[in-house]
Visitor: 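Next up is a structure, given as C-alpha coordinates.
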Amino acid sequence: MHPIRLFAYTAMATVLVLRSLAASAEVPATASSWLESAVFYEIYPQSFRDSNGDGIGDLRGVIGKLPYLHDLGVTGLWLNPCFESPFRDAGYDVSDFYKVAPRYGTNEDLRNLFAEARKLGMHVMLDLVAGHTSDQHPWFRESQRHERNRYTDWYIWTNSVWTWSAPNQQVVVGAAERDANYIPNFFYFQPALNYGYAQPDPKAPWQQPVDAPGPQAVRAELKNIMRFWFDLGASGFRVDMAGSLVKNDPDGRATAALWHEFRAWMDREYPDRALVSEWSSPQVAIPNGFHMDFLLPFNKPGYASLFRKTAPDANPFFDRSGRGDIRKFLDEFEPLYAATKRQGFIAIPTGNHDTVPRIGDGRSGRDLAVAHAFLLTMPGVPFIYYGDEIGQRSTEGLPSKEGGFGRTGARTPMQWDDSRNAGFSTAPADRLYLPVPAAEDRPSVAAQRDVPDSALNTVRALIALRHAHPALGASGDFTTIMAEAGKLPFVYERTKGGERILVALNPSAQPCEARLPAEVNAASLRALAGETAAFRREAQGWMVNLPPVSYAVVKVE
Ligand code: NOJ
(Lines give C-alpha, C1' and ligand atoms only; values in the text may rest on other atoms or scores of the structure.)
Protein backbone atom coordinates (compact mmCIF):
# COMPACT_ATOMS: atom_id res chain seq x y z
CA MET A 1 0.00 0.00 0.00
CA HIS A 2 1.23 3.51 -0.81
CA PRO A 3 2.74 5.00 2.41
CA ILE A 4 0.48 8.09 2.29
CA ARG A 5 -2.61 5.94 1.91
CA LEU A 6 -1.40 3.65 4.69
CA PHE A 7 -0.96 6.70 6.90
CA ALA A 8 -4.43 7.93 6.04
CA TYR A 9 -5.96 4.55 6.85
CA THR A 10 -4.08 4.29 10.12
CA ALA A 11 -5.09 7.82 11.13
CA MET A 12 -8.72 7.14 10.27
CA ALA A 13 -8.69 3.87 12.20
CA THR A 14 -7.16 5.63 15.20
CA VAL A 15 -9.87 8.31 15.12
CA LEU A 16 -12.57 5.61 14.97
CA VAL A 17 -11.05 3.66 17.86
CA LEU A 18 -10.68 6.84 19.94
CA ARG A 19 -14.25 7.85 19.15
CA SER A 20 -15.65 4.51 20.21
CA LEU A 21 -13.51 4.53 23.34
CA ALA A 22 -14.84 7.98 24.19
CA ALA A 23 -18.36 6.76 23.57
CA SER A 24 -17.95 3.67 25.72
CA ALA A 25 -16.35 5.72 28.51
CA GLU A 26 -19.54 7.79 28.67
CA VAL A 27 -21.94 6.06 31.02
CA PRO A 28 -25.38 6.33 29.37
CA ALA A 29 -27.73 8.44 31.46
CA THR A 30 -30.54 6.39 32.94
CA ALA A 31 -33.93 7.53 34.14
CA SER A 32 -33.05 6.71 37.74
CA SER A 33 -30.29 9.32 37.73
CA TRP A 34 -32.71 12.20 37.15
CA LEU A 35 -35.65 10.68 38.98
CA GLU A 36 -33.61 10.59 42.18
CA SER A 37 -34.09 14.31 42.70
CA ALA A 38 -37.21 14.81 40.60
CA VAL A 39 -40.17 16.88 41.69
CA PHE A 40 -43.00 16.75 39.14
CA TYR A 41 -45.73 19.22 38.35
CA GLU A 42 -48.91 18.15 36.56
CA ILE A 43 -50.24 20.56 33.98
CA TYR A 44 -53.79 20.29 32.73
CA PRO A 45 -53.04 22.17 29.50
CA GLN A 46 -56.53 23.60 29.07
CA SER A 47 -56.19 25.56 32.29
CA PHE A 48 -52.59 26.55 32.86
CA ARG A 49 -51.94 29.61 30.72
CA ASP A 50 -53.57 30.89 27.55
CA SER A 51 -51.03 32.68 25.33
CA ASN A 52 -53.32 33.62 22.42
CA GLY A 53 -56.43 34.90 24.14
CA ASP A 54 -58.83 32.21 22.94
CA GLY A 55 -59.81 31.28 26.50
CA ILE A 56 -58.01 27.95 26.58
CA GLY A 57 -54.51 27.14 27.78
CA ASP A 58 -51.85 26.20 25.24
CA LEU A 59 -48.26 25.05 24.85
CA ARG A 60 -46.85 28.53 24.31
CA GLY A 61 -48.55 29.46 27.55
CA VAL A 62 -46.69 26.64 29.29
CA ILE A 63 -43.39 27.71 27.70
CA GLY A 64 -43.95 31.24 28.99
CA LYS A 65 -44.37 29.91 32.52
CA LEU A 66 -41.27 27.70 32.54
CA PRO A 67 -39.28 30.30 34.49
CA TYR A 68 -41.98 30.22 37.20
CA LEU A 69 -41.78 26.43 37.39
CA HIS A 70 -38.00 26.48 37.39
CA ASP A 71 -38.00 29.03 40.17
CA LEU A 72 -40.36 26.82 42.14
CA GLY A 73 -37.75 24.06 41.85
CA VAL A 74 -39.83 21.71 39.73
CA THR A 75 -37.71 19.37 37.56
CA GLY A 76 -40.38 17.38 35.76
CA LEU A 77 -43.66 18.21 34.04
CA TRP A 78 -46.50 15.88 33.21
CA LEU A 79 -48.90 17.22 30.61
CA ASN A 80 -52.37 15.68 30.35
CA PRO A 81 -53.11 14.56 26.77
CA CYS A 82 -52.44 17.35 24.31
CA PHE A 83 -53.19 15.41 21.12
CA GLU A 84 -55.88 15.85 18.52
CA SER A 85 -59.21 14.87 20.02
CA PRO A 86 -62.93 15.65 19.99
CA PHE A 87 -62.41 16.44 23.70
CA ARG A 88 -65.35 14.55 25.07
CA ASP A 89 -63.10 13.32 27.86
CA ALA A 90 -60.75 16.29 28.06
CA GLY A 91 -58.36 14.74 25.53
CA TYR A 92 -58.36 11.20 26.93
CA ASP A 93 -60.24 10.42 23.73
CA VAL A 94 -57.43 10.72 21.22
CA SER A 95 -58.14 10.90 17.49
CA ASP A 96 -54.51 11.29 16.35
CA PHE A 97 -51.69 10.16 18.62
CA TYR A 98 -49.07 11.81 16.42
CA LYS A 99 -50.46 15.33 16.33
CA VAL A 100 -50.78 18.09 18.91
CA ALA A 101 -54.35 19.37 19.10
CA PRO A 102 -54.56 22.68 17.21
CA ARG A 103 -56.05 24.40 20.25
CA TYR A 104 -52.75 23.77 22.08
CA GLY A 105 -50.45 24.58 19.15
CA THR A 106 -48.33 22.42 16.89
CA ASN A 107 -45.86 19.56 17.15
CA GLU A 108 -43.20 22.22 16.69
CA ASP A 109 -44.48 24.04 19.80
CA LEU A 110 -44.23 20.79 21.74
CA ARG A 111 -40.69 20.24 20.47
CA ASN A 112 -39.87 23.77 21.64
CA LEU A 113 -41.39 23.06 25.02
CA PHE A 114 -39.17 19.98 25.38
CA ALA A 115 -36.10 21.98 24.35
CA GLU A 116 -36.82 25.06 26.49
CA ALA A 117 -37.64 22.92 29.51
CA ARG A 118 -34.43 20.95 29.02
CA LYS A 119 -32.41 24.18 29.07
CA LEU A 120 -33.78 24.75 32.56
CA GLY A 121 -33.05 21.17 33.63
CA MET A 122 -36.68 20.07 33.37
CA HIS A 123 -38.02 16.85 31.85
CA VAL A 124 -41.40 16.78 30.15
CA MET A 125 -43.63 13.71 30.23
CA LEU A 126 -46.66 13.27 28.02
CA ASP A 127 -49.81 11.28 28.72
CA LEU A 128 -50.06 7.97 26.92
CA VAL A 129 -53.67 6.89 26.52
CA ALA A 130 -52.72 3.31 25.79
CA GLY A 131 -56.02 1.53 26.37
CA HIS A 132 -58.43 3.23 24.00
CA THR A 133 -58.97 5.86 21.34
CA SER A 134 -61.79 8.22 20.51
CA ASP A 135 -64.60 6.68 18.49
CA GLN A 136 -63.67 9.40 15.97
CA HIS A 137 -60.18 7.99 15.46
CA PRO A 138 -59.66 6.91 11.82
CA TRP A 139 -58.54 3.50 13.10
CA PHE A 140 -61.89 2.99 14.77
CA ARG A 141 -63.82 4.32 11.79
CA GLU A 142 -62.11 1.72 9.64
CA SER A 143 -62.61 -0.94 12.27
CA GLN A 144 -66.37 -0.32 12.22
CA ARG A 145 -66.62 -1.17 8.54
CA HIS A 146 -68.20 -4.32 7.19
CA GLU A 147 -65.22 -5.11 4.91
CA ARG A 148 -62.19 -6.61 6.61
CA ASN A 149 -59.31 -4.18 6.68
CA ARG A 150 -56.08 -3.41 8.54
CA TYR A 151 -57.97 -2.18 11.61
CA THR A 152 -60.66 -4.84 11.85
CA ASP A 153 -58.99 -6.46 14.87
CA TRP A 154 -57.49 -3.36 16.47
CA TYR A 155 -60.52 -3.06 18.74
CA ILE A 156 -62.53 -5.65 20.62
CA TRP A 157 -65.64 -6.66 18.71
CA THR A 158 -68.11 -9.36 19.65
CA ASN A 159 -69.13 -12.01 17.12
CA SER A 160 -72.44 -10.38 16.22
CA VAL A 161 -74.65 -7.48 17.10
CA TRP A 162 -76.81 -9.89 19.10
CA THR A 163 -74.12 -10.47 21.72
CA TRP A 164 -75.38 -7.91 24.19
CA SER A 165 -73.21 -8.66 27.17
CA ALA A 166 -69.79 -9.97 28.08
CA PRO A 167 -68.69 -11.01 31.58
CA ASN A 168 -67.25 -8.08 33.59
CA GLN A 169 -67.38 -5.82 30.56
CA GLN A 170 -69.64 -3.22 29.13
CA VAL A 171 -70.73 -3.61 25.53
CA VAL A 172 -71.78 -0.82 23.17
CA VAL A 173 -74.56 -2.25 21.07
CA GLY A 174 -75.51 -1.59 17.48
CA ALA A 175 -73.27 1.39 16.88
CA ALA A 176 -71.48 0.24 13.73
CA GLU A 177 -72.03 -0.86 10.18
CA ARG A 178 -70.19 -4.01 11.18
CA ASP A 179 -72.33 -6.83 12.54
CA ALA A 180 -70.72 -6.68 15.98
CA ASN A 181 -70.66 -4.73 19.23
CA TYR A 182 -67.62 -3.17 20.77
CA ILE A 183 -66.11 -3.10 24.24
CA PRO A 184 -65.49 0.43 25.56
CA ASN A 185 -62.65 1.08 27.98
CA PHE A 186 -64.11 4.02 29.89
CA PHE A 187 -66.86 6.21 28.43
CA TYR A 188 -68.87 4.72 25.57
CA PHE A 189 -67.00 6.81 22.97
CA GLN A 190 -63.64 5.36 24.05
CA PRO A 191 -63.47 1.93 22.36
CA ALA A 192 -60.89 -0.37 23.92
CA LEU A 193 -57.85 -1.10 21.81
CA ASN A 194 -57.37 -4.82 21.41
CA TYR A 195 -54.43 -6.09 23.47
CA GLY A 196 -56.09 -9.50 23.57
CA TYR A 197 -57.42 -11.66 26.39
CA ALA A 198 -55.19 -13.41 28.92
CA GLN A 199 -57.76 -16.19 29.22
CA PRO A 200 -59.97 -16.05 26.15
CA ASP A 201 -63.29 -17.78 26.68
CA PRO A 202 -63.36 -20.75 24.28
CA LYS A 203 -67.11 -20.18 23.92
CA ALA A 204 -66.46 -16.60 22.73
CA PRO A 205 -63.89 -16.90 19.94
CA TRP A 206 -64.09 -13.14 19.33
CA GLN A 207 -61.89 -12.83 22.43
CA GLN A 208 -58.49 -13.03 20.81
CA PRO A 209 -55.36 -14.27 22.56
CA VAL A 210 -52.58 -11.79 23.31
CA ASP A 211 -50.40 -13.14 20.52
CA ALA A 212 -53.06 -12.88 17.78
CA PRO A 213 -52.17 -10.55 14.87
CA GLY A 214 -54.57 -7.74 15.93
CA PRO A 215 -53.26 -7.41 19.49
CA GLN A 216 -49.68 -7.69 18.25
CA ALA A 217 -50.25 -4.92 15.70
CA VAL A 218 -51.73 -2.66 18.41
CA ARG A 219 -48.75 -3.32 20.63
CA ALA A 220 -46.34 -2.44 17.82
CA GLU A 221 -48.27 0.77 17.15
CA LEU A 222 -48.08 1.77 20.80
CA LYS A 223 -44.32 1.45 20.58
CA ASN A 224 -44.31 3.60 17.42
CA ILE A 225 -46.23 6.32 19.26
CA MET A 226 -43.80 6.27 22.14
CA ARG A 227 -40.82 6.28 19.80
CA PHE A 228 -42.24 9.24 17.88
CA TRP A 229 -42.49 11.45 20.97
CA PHE A 230 -39.24 10.19 22.51
CA ASP A 231 -37.47 11.18 19.30
CA LEU A 232 -39.03 14.64 19.50
CA GLY A 233 -37.69 15.07 23.02
CA ALA A 234 -40.28 13.68 25.46
CA SER A 235 -38.71 12.37 28.66
CA GLY A 236 -41.37 9.77 29.24
CA PHE A 237 -45.05 9.07 29.70
CA ARG A 238 -47.68 8.89 32.34
CA VAL A 239 -49.63 5.84 31.22
CA ASP A 240 -53.39 6.10 31.49
CA MET A 241 -55.18 3.05 32.99
CA ALA A 242 -51.93 1.14 32.62
CA GLY A 243 -53.12 -1.97 34.43
CA SER A 244 -56.12 -2.71 32.27
CA LEU A 245 -54.78 -3.27 28.75
CA VAL A 246 -55.15 -7.04 28.44
CA LYS A 247 -58.69 -8.18 29.18
CA ASN A 248 -59.73 -11.05 31.45
CA ASP A 249 -56.33 -10.92 33.09
CA PRO A 250 -57.36 -11.67 36.70
CA ASP A 251 -53.87 -11.65 38.23
CA GLY A 252 -52.68 -8.89 35.87
CA ARG A 253 -49.89 -11.10 34.61
CA ALA A 254 -50.45 -10.62 30.89
CA THR A 255 -50.64 -6.83 31.14
CA ALA A 256 -47.56 -6.89 33.35
CA ALA A 257 -45.70 -8.98 30.75
CA LEU A 258 -46.50 -6.36 28.14
CA TRP A 259 -44.99 -3.59 30.24
CA HIS A 260 -42.03 -5.77 31.06
CA GLU A 261 -41.31 -6.09 27.37
CA PHE A 262 -41.75 -2.34 26.83
CA ARG A 263 -39.40 -1.54 29.68
CA ALA A 264 -36.72 -3.87 28.30
CA TRP A 265 -37.08 -2.09 24.97
CA MET A 266 -36.78 1.33 26.65
CA ASP A 267 -33.77 0.23 28.66
CA ARG A 268 -32.09 -0.75 25.40
CA GLU A 269 -33.09 2.17 23.21
CA TYR A 270 -34.20 5.00 25.51
CA PRO A 271 -32.60 4.30 28.90
CA ASP A 272 -32.97 7.88 30.11
CA ARG A 273 -36.77 8.01 29.61
CA ALA A 274 -39.25 7.12 32.31
CA LEU A 275 -42.76 5.77 32.75
CA VAL A 276 -45.22 6.47 35.53
CA SER A 277 -48.35 4.39 35.69
CA GLU A 278 -51.90 5.16 36.61
CA TRP A 279 -52.22 1.75 38.24
CA SER A 280 -52.09 2.50 41.96
CA SER A 281 -50.62 -0.93 42.65
CA PRO A 282 -46.90 -0.22 42.94
CA GLN A 283 -46.14 -3.77 44.06
CA VAL A 284 -47.34 -4.92 40.61
CA ALA A 285 -46.53 -1.98 38.36
CA ILE A 286 -42.95 -1.36 39.49
CA PRO A 287 -41.55 -4.90 39.27
CA ASN A 288 -43.11 -5.13 35.84
CA GLY A 289 -41.50 -2.17 34.23
CA PHE A 290 -42.75 1.13 35.57
CA HIS A 291 -40.21 3.50 37.04
CA MET A 292 -42.96 4.98 39.20
CA ASP A 293 -46.56 4.28 40.11
CA PHE A 294 -49.10 6.65 41.65
CA LEU A 295 -51.00 6.14 44.85
CA LEU A 296 -54.57 7.17 44.02
CA PRO A 297 -57.72 7.42 46.09
CA PHE A 298 -59.81 4.98 43.99
CA ASN A 299 -58.12 1.90 45.44
CA LYS A 300 -55.85 3.27 48.13
CA PRO A 301 -58.01 4.29 51.10
CA GLY A 302 -54.87 4.87 53.14
CA TYR A 303 -53.70 7.52 50.69
CA ALA A 304 -57.21 9.01 50.61
CA SER A 305 -57.21 9.15 54.43
CA LEU A 306 -54.36 11.68 54.41
CA PHE A 307 -56.29 14.57 52.93
CA ARG A 308 -59.90 13.55 52.43
CA LYS A 309 -62.78 12.70 54.66
CA THR A 310 -63.00 8.97 54.03
CA ALA A 311 -66.30 8.39 55.80
CA PRO A 312 -68.83 10.75 57.37
CA ASP A 313 -67.13 10.41 60.74
CA ALA A 314 -63.51 9.85 59.70
CA ASN A 315 -61.23 12.86 59.65
CA PRO A 316 -58.24 13.01 57.36
CA PHE A 317 -54.84 12.92 59.05
CA PHE A 318 -53.97 16.40 57.76
CA ASP A 319 -56.76 18.07 59.67
CA ARG A 320 -56.94 20.49 62.57
CA SER A 321 -59.22 18.14 64.50
CA GLY A 322 -56.20 15.96 65.23
CA ARG A 323 -58.53 12.97 65.08
CA GLY A 324 -57.10 11.51 61.88
CA ASP A 325 -55.04 8.35 62.11
CA ILE A 326 -51.72 8.17 60.23
CA ARG A 327 -51.69 4.37 60.67
CA LYS A 328 -54.39 4.14 58.00
CA PHE A 329 -51.86 5.49 55.53
CA LEU A 330 -48.80 3.71 56.92
CA ASP A 331 -50.44 0.29 57.13
CA GLU A 332 -51.03 0.58 53.41
CA PHE A 333 -47.83 2.41 52.45
CA GLU A 334 -45.16 0.55 54.42
CA PRO A 335 -45.68 -2.86 52.75
CA LEU A 336 -45.89 -1.23 49.30
CA TYR A 337 -42.71 0.66 50.02
CA ALA A 338 -40.90 -2.44 51.29
CA ALA A 339 -41.96 -4.40 48.20
CA THR A 340 -40.70 -1.81 45.71
CA LYS A 341 -37.98 0.23 47.34
CA ARG A 342 -34.96 -0.93 45.39
CA GLN A 343 -36.77 -1.20 42.07
CA GLY A 344 -38.73 2.00 41.51
CA PHE A 345 -40.60 4.81 43.14
CA ILE A 346 -44.02 5.36 44.60
CA ALA A 347 -45.42 8.70 43.48
CA ILE A 348 -47.60 10.41 46.08
CA PRO A 349 -49.49 13.21 44.33
CA THR A 350 -50.97 16.30 45.97
CA GLY A 351 -54.04 15.59 43.84
CA ASN A 352 -54.79 15.34 40.14
CA HIS A 353 -57.28 16.26 37.44
CA ASP A 354 -59.60 13.45 38.56
CA THR A 355 -59.76 14.24 42.24
CA VAL A 356 -62.01 16.58 44.11
CA PRO A 357 -61.52 18.09 46.62
CA ARG A 358 -58.21 19.75 45.96
CA ILE A 359 -55.69 19.69 48.78
CA GLY A 360 -56.29 23.44 49.23
CA ASP A 361 -60.01 22.99 49.96
CA GLY A 362 -60.71 23.92 53.56
CA ARG A 363 -57.04 24.41 54.42
CA SER A 364 -55.25 27.58 55.45
CA GLY A 365 -51.71 28.35 54.31
CA ARG A 366 -50.44 26.89 57.56
CA ASP A 367 -52.40 23.66 57.16
CA LEU A 368 -51.09 23.38 53.63
CA ALA A 369 -47.51 23.89 54.76
CA VAL A 370 -47.73 20.83 57.03
CA ALA A 371 -49.26 18.74 54.22
CA HIS A 372 -46.60 19.85 51.75
CA ALA A 373 -43.85 19.24 54.33
CA PHE A 374 -45.02 15.63 54.39
CA LEU A 375 -45.40 15.23 50.60
CA LEU A 376 -42.02 16.77 49.87
CA THR A 377 -40.06 14.78 52.43
CA MET A 378 -41.46 11.34 51.65
CA PRO A 379 -39.50 8.80 49.58
CA GLY A 380 -40.36 8.28 45.92
CA VAL A 381 -41.27 11.04 43.51
CA PRO A 382 -43.65 13.85 44.51
CA PHE A 383 -46.18 15.18 41.99
CA ILE A 384 -47.74 18.60 42.52
CA TYR A 385 -51.03 19.23 40.71
CA TYR A 386 -50.99 22.74 39.20
CA GLY A 387 -52.26 25.30 41.67
CA ASP A 388 -51.78 23.06 44.72
CA GLU A 389 -48.63 25.01 45.54
CA ILE A 390 -50.80 28.04 46.27
CA GLY A 391 -53.68 26.12 47.78
CA GLN A 392 -55.96 26.79 44.83
CA ARG A 393 -59.43 25.54 45.70
CA SER A 394 -61.87 23.58 43.61
CA THR A 395 -65.08 25.23 42.44
CA GLU A 396 -68.34 23.61 43.45
CA GLY A 397 -71.42 23.25 41.32
CA LEU A 398 -69.92 23.70 37.85
CA PRO A 399 -71.66 21.95 34.98
CA SER A 400 -69.59 19.17 33.49
CA LYS A 401 -66.95 20.30 31.01
CA GLU A 402 -65.51 17.90 28.44
CA GLY A 403 -66.52 14.80 30.36
CA GLY A 404 -65.25 16.13 33.65
CA PHE A 405 -68.55 15.63 35.56
CA GLY A 406 -67.69 15.71 39.28
CA ARG A 407 -64.01 16.29 38.43
CA THR A 408 -64.67 19.58 36.66
CA GLY A 409 -64.27 21.74 39.76
CA ALA A 410 -60.62 20.71 40.12
CA ARG A 411 -59.79 21.76 36.55
CA THR A 412 -60.38 25.52 36.69
CA PRO A 413 -57.75 27.98 35.39
CA MET A 414 -54.50 28.52 37.26
CA GLN A 415 -54.71 31.63 39.42
CA TRP A 416 -51.69 33.74 38.58
CA ASP A 417 -52.69 37.16 39.91
CA ASP A 418 -55.68 39.35 40.62
CA SER A 419 -55.95 40.85 37.16
CA ARG A 420 -58.78 39.88 34.80
CA ASN A 421 -59.32 36.11 34.60
CA ALA A 422 -56.68 35.68 37.31
CA GLY A 423 -53.98 36.34 34.69
CA PHE A 424 -54.85 33.08 32.94
CA SER A 425 -56.21 34.56 29.69
CA THR A 426 -57.11 37.84 28.04
CA ALA A 427 -60.29 36.34 26.56
CA PRO A 428 -63.70 37.68 27.62
CA ALA A 429 -64.68 35.88 30.83
CA ASP A 430 -67.53 34.02 29.13
CA ARG A 431 -65.08 32.42 26.69
CA LEU A 432 -62.82 30.86 29.32
CA TYR A 433 -62.45 27.08 29.36
CA LEU A 434 -63.81 27.17 32.90
CA PRO A 435 -64.61 30.18 35.07
CA VAL A 436 -62.22 31.60 37.63
CA PRO A 437 -63.57 32.41 41.09
CA ALA A 438 -64.13 36.01 42.19
CA ALA A 439 -60.87 37.84 42.97
CA GLU A 440 -61.45 38.19 46.72
CA ASP A 441 -62.00 34.48 46.89
CA ARG A 442 -58.91 33.11 45.27
CA PRO A 443 -55.32 32.54 46.29
CA SER A 444 -52.84 33.54 43.59
CA VAL A 445 -49.18 33.30 42.74
CA ALA A 446 -48.77 37.10 42.76
CA ALA A 447 -50.36 37.50 46.19
CA GLN A 448 -48.11 34.84 47.72
CA ARG A 449 -44.85 35.61 45.99
CA ASP A 450 -43.64 38.18 48.52
CA VAL A 451 -45.15 36.68 51.65
CA PRO A 452 -42.29 34.73 53.24
CA ASP A 453 -44.38 31.99 54.84
CA SER A 454 -47.01 31.68 52.09
CA ALA A 455 -47.87 28.22 50.81
CA LEU A 456 -46.00 29.05 47.62
CA ASN A 457 -42.80 30.03 49.39
CA THR A 458 -43.05 27.08 51.75
CA VAL A 459 -43.32 24.71 48.80
CA ARG A 460 -40.38 26.43 47.10
CA ALA A 461 -38.26 26.14 50.26
CA LEU A 462 -39.22 22.49 50.80
CA ILE A 463 -38.34 21.59 47.21
CA ALA A 464 -34.98 23.33 47.59
CA LEU A 465 -34.43 21.38 50.81
CA ARG A 466 -35.23 18.13 49.01
CA HIS A 467 -32.73 18.99 46.27
CA ALA A 468 -30.04 19.87 48.80
CA HIS A 469 -30.22 16.68 50.87
CA PRO A 470 -29.62 13.23 49.39
CA ALA A 471 -31.49 11.64 52.32
CA LEU A 472 -34.65 13.40 51.09
CA GLY A 473 -34.22 12.13 47.52
CA ALA A 474 -36.38 9.46 45.93
CA SER A 475 -34.32 6.50 47.16
CA GLY A 476 -33.40 7.77 50.62
CA ASP A 477 -34.59 5.16 53.13
CA PHE A 478 -37.80 5.81 55.04
CA THR A 479 -38.38 4.56 58.58
CA THR A 480 -41.35 5.32 60.77
CA ILE A 481 -40.19 6.52 64.20
CA MET A 482 -43.46 7.48 65.92
CA ALA A 483 -46.90 6.87 64.48
CA GLU A 484 -49.69 5.84 66.78
CA ALA A 485 -53.41 6.26 66.37
CA GLY A 486 -54.58 9.15 68.53
CA LYS A 487 -51.07 10.45 69.22
CA LEU A 488 -49.08 13.23 67.67
CA PRO A 489 -46.55 14.09 66.36
CA PHE A 490 -45.96 11.72 63.49
CA VAL A 491 -42.18 11.34 63.19
CA TYR A 492 -40.12 9.56 60.53
CA GLU A 493 -36.55 9.33 59.43
CA ARG A 494 -34.98 9.55 55.99
CA THR A 495 -31.42 8.33 55.46
CA LYS A 496 -28.98 7.99 52.63
CA GLY A 497 -25.25 7.43 52.76
CA GLY A 498 -24.22 8.98 56.03
CA GLU A 499 -27.04 11.53 56.08
CA ARG A 500 -29.97 11.22 58.55
CA ILE A 501 -32.94 13.54 58.59
CA LEU A 502 -35.93 13.53 60.94
CA VAL A 503 -39.34 14.94 60.07
CA ALA A 504 -41.98 15.65 62.72
CA LEU A 505 -45.54 16.69 61.82
CA ASN A 506 -48.38 18.08 63.87
CA PRO A 507 -51.42 18.86 61.69
CA SER A 508 -53.73 19.40 64.68
CA ALA A 509 -54.88 22.64 66.32
CA GLN A 510 -53.38 21.48 69.64
CA PRO A 511 -49.68 21.56 70.55
CA CYS A 512 -48.10 18.16 71.01
CA GLU A 513 -45.11 16.78 72.84
CA ALA A 514 -43.42 13.38 72.91
CA ARG A 515 -40.14 11.72 73.80
CA LEU A 516 -38.31 10.21 70.85
CA PRO A 517 -37.46 6.53 71.20
CA ALA A 518 -33.96 5.71 72.42
CA GLU A 519 -32.80 4.51 68.98
CA VAL A 520 -32.76 8.12 67.80
CA ASN A 521 -29.43 8.56 69.52
CA ALA A 522 -28.28 11.84 68.05
CA ALA A 523 -25.50 13.97 69.45
CA SER A 524 -27.20 17.03 68.07
CA LEU A 525 -30.08 17.94 65.79
CA ARG A 526 -29.76 20.83 63.36
CA ALA A 527 -32.96 22.56 62.24
CA LEU A 528 -33.45 22.57 58.47
CA ALA A 529 -37.05 23.73 58.02
CA GLY A 530 -40.20 24.54 59.96
CA GLU A 531 -40.10 25.04 63.74
CA THR A 532 -36.48 25.64 64.70
CA ALA A 533 -36.85 24.88 68.42
CA ALA A 534 -38.96 21.75 68.17
CA PHE A 535 -36.37 19.32 69.50
CA ARG A 536 -34.87 19.59 72.98
CA ARG A 537 -32.32 17.34 74.61
CA GLU A 538 -33.07 16.06 78.12
CA ALA A 539 -31.27 13.60 80.37
CA GLN A 540 -33.58 10.74 79.24
CA GLY A 541 -33.32 11.55 75.53
CA TRP A 542 -34.78 13.87 72.90
CA MET A 543 -38.14 15.58 73.34
CA VAL A 544 -40.10 16.91 70.40
CA ASN A 545 -42.52 19.70 70.99
CA LEU A 546 -44.60 21.14 68.18
CA PRO A 547 -46.98 24.10 68.33
CA PRO A 548 -50.42 23.77 66.68
CA VAL A 549 -50.33 23.07 62.94
CA SER A 550 -46.58 22.88 62.48
CA TYR A 551 -43.71 20.74 61.33
CA ALA A 552 -39.98 20.44 61.82
CA VAL A 553 -37.26 18.96 59.64
CA VAL A 554 -33.91 18.40 61.35
CA LYS A 555 -30.60 16.85 60.47
CA VAL A 556 -29.06 14.31 62.83
CA GLU A 557 -25.43 15.19 63.54
C1 NOJ B 1 -57.86 8.22 33.72
C2 NOJ B 1 -57.70 9.67 33.47
O3 NOJ B 1 -56.94 10.25 34.50
C4 NOJ B 1 -59.09 10.25 33.37
O5 NOJ B 1 -59.08 11.65 33.38
C6 NOJ B 1 -59.75 9.69 32.12
O7 NOJ B 1 -61.09 10.14 32.07
C8 NOJ B 1 -59.74 8.17 32.15
N9 NOJ B 1 -58.49 7.61 32.58
C10 NOJ B 1 -60.03 7.61 30.77
O11 NOJ B 1 -58.94 7.78 29.92
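Computed over heavy atoms, backbone and side chain alike; hydrogens, waters and symmetry mates excluded. Whatever order the structure lists ligands and atoms in, that order sets their numbers, starting from 1.
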Visitor: Does the distance from a Lys or Arg side-chain N to an Asp or Glu carboxylate O, for E269 and R227, drop under 4.0 Å?
Guide: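 So E269 pairs with R227 through a salt bridge.
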Visitor: Tell me whether the centres of the aromatic rings in F318 and F307 are closer together than 6.0 Å.
Guide: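 Yes: the rings meet the under 6.0 Å criterion.
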Visitor: For atom 6 (C) of ligand 1, find the nearest protein heavy atom and state the residue, atom name and distance (0.1 Å precision).
Guide: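 I find the closest protein heavy atom is D89 OD2, 3.4 Å.
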Visitor: Could you list the atoms of ligand 1 found under 4.0 angstrom from a heavy atom of H132?
Guide: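 Heavy-atom distances to H132 below 4.0 Å select 10 (C), 11 (O).
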Visitor: Using the benzene-type ring in the case of Trp, are the ring centres of W229 and Y270 under 6.0 Å apart?
Guide: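 No; Y270 has its ring centre 6.0 Å or more from that of W229.
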Visitor: Out of F405, F294, F186, whose heavy atom sits nearest atom 10 (C) of ligand 1?
Guide: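 It is F186 that holds the nearest heavy atom.
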Visitor: Would you mind listing which atoms of ligand 1 come within a distance below 4.0 Å of any non-hydrogen atom of M241?
Guide: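 With M241 as reference, the close atoms of ligand 1 come out as 9 (N), 10 (C).
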Visitor: Pull out every atom of ligand 1 sitting under 4.0 Å from any heavy atom of D240, numbered as shown with elements.
Guide: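 Going through ligand 1 atom by atom, the ones under 4.0 Å from D240 are 1 (C), 2 (C), 3 (O), 8 (C), 9 (N), 10 (C), 11 (O).
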Visitor: Would you mind listing which atoms of ligand 1 come within a distance below 4.0 Å of any non-hydrogen atom of H353?
Guide: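 It comes down to these atoms of ligand 1: 2 (C), 3 (O), 4 (C), 5 (O).
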Visitor: How far is atom 3 (O) of ligand 1 from the closest protein heavy atom, and which atom is that?
Guide: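 Residue, atom and distance for the closest contact: D354 OD2, 2.5 Å.
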Visitor: Within a distance under 4.0 Å of any heavy atom of R407, pick out the atoms of ligand 1 and give their elements.
Guide: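 This gives 4 (C), 5 (O), 6 (C), 7 (O) as the contact atoms.
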Visitor: I'd like to know if K223 and E261 make a salt bridge, using a cut-off of under 4.0 Å between side-chain N and carboxylate O.
Guide: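 Salt bridge between K223 and E261, a charged N being under 4.0 Å from a carboxylate O: yes.
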Visitor: Between E278 and R238, is the closest basic N to carboxylate O distance under 4.0 Å?
Guide: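 The answer is yes: the pair qualifies as a salt bridge.
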Visitor: Quick check on contacts: which atoms of ligand 1 are under 4.0 angstrom from a heavy atom of R411?
Guide: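 Listed by number with element, the hits are 5 (O).
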Visitor: For the CD1 atom of I384 and the NE2 atom of H372, what is their distance to the nearest 0.5 Å?
Guide: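 Taking CD1 in I384 and NE2 in H372, the distance rounds to 6.5 Å.
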Visitor: What part of R88, side chain from CB on, backbone N/CA/C/O, both or neither, has a heavy atom under 4.0 Å from ligand 1?
Guide: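 Within the 4.0 Å criterion, R88 makes no contact with ligand 1.
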Visitor: Does R393 pair with D361 as a salt bridge, N-O distance under 4.0 Å?
Guide: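 No, no charged N to carboxylate O under 4.0 Å.
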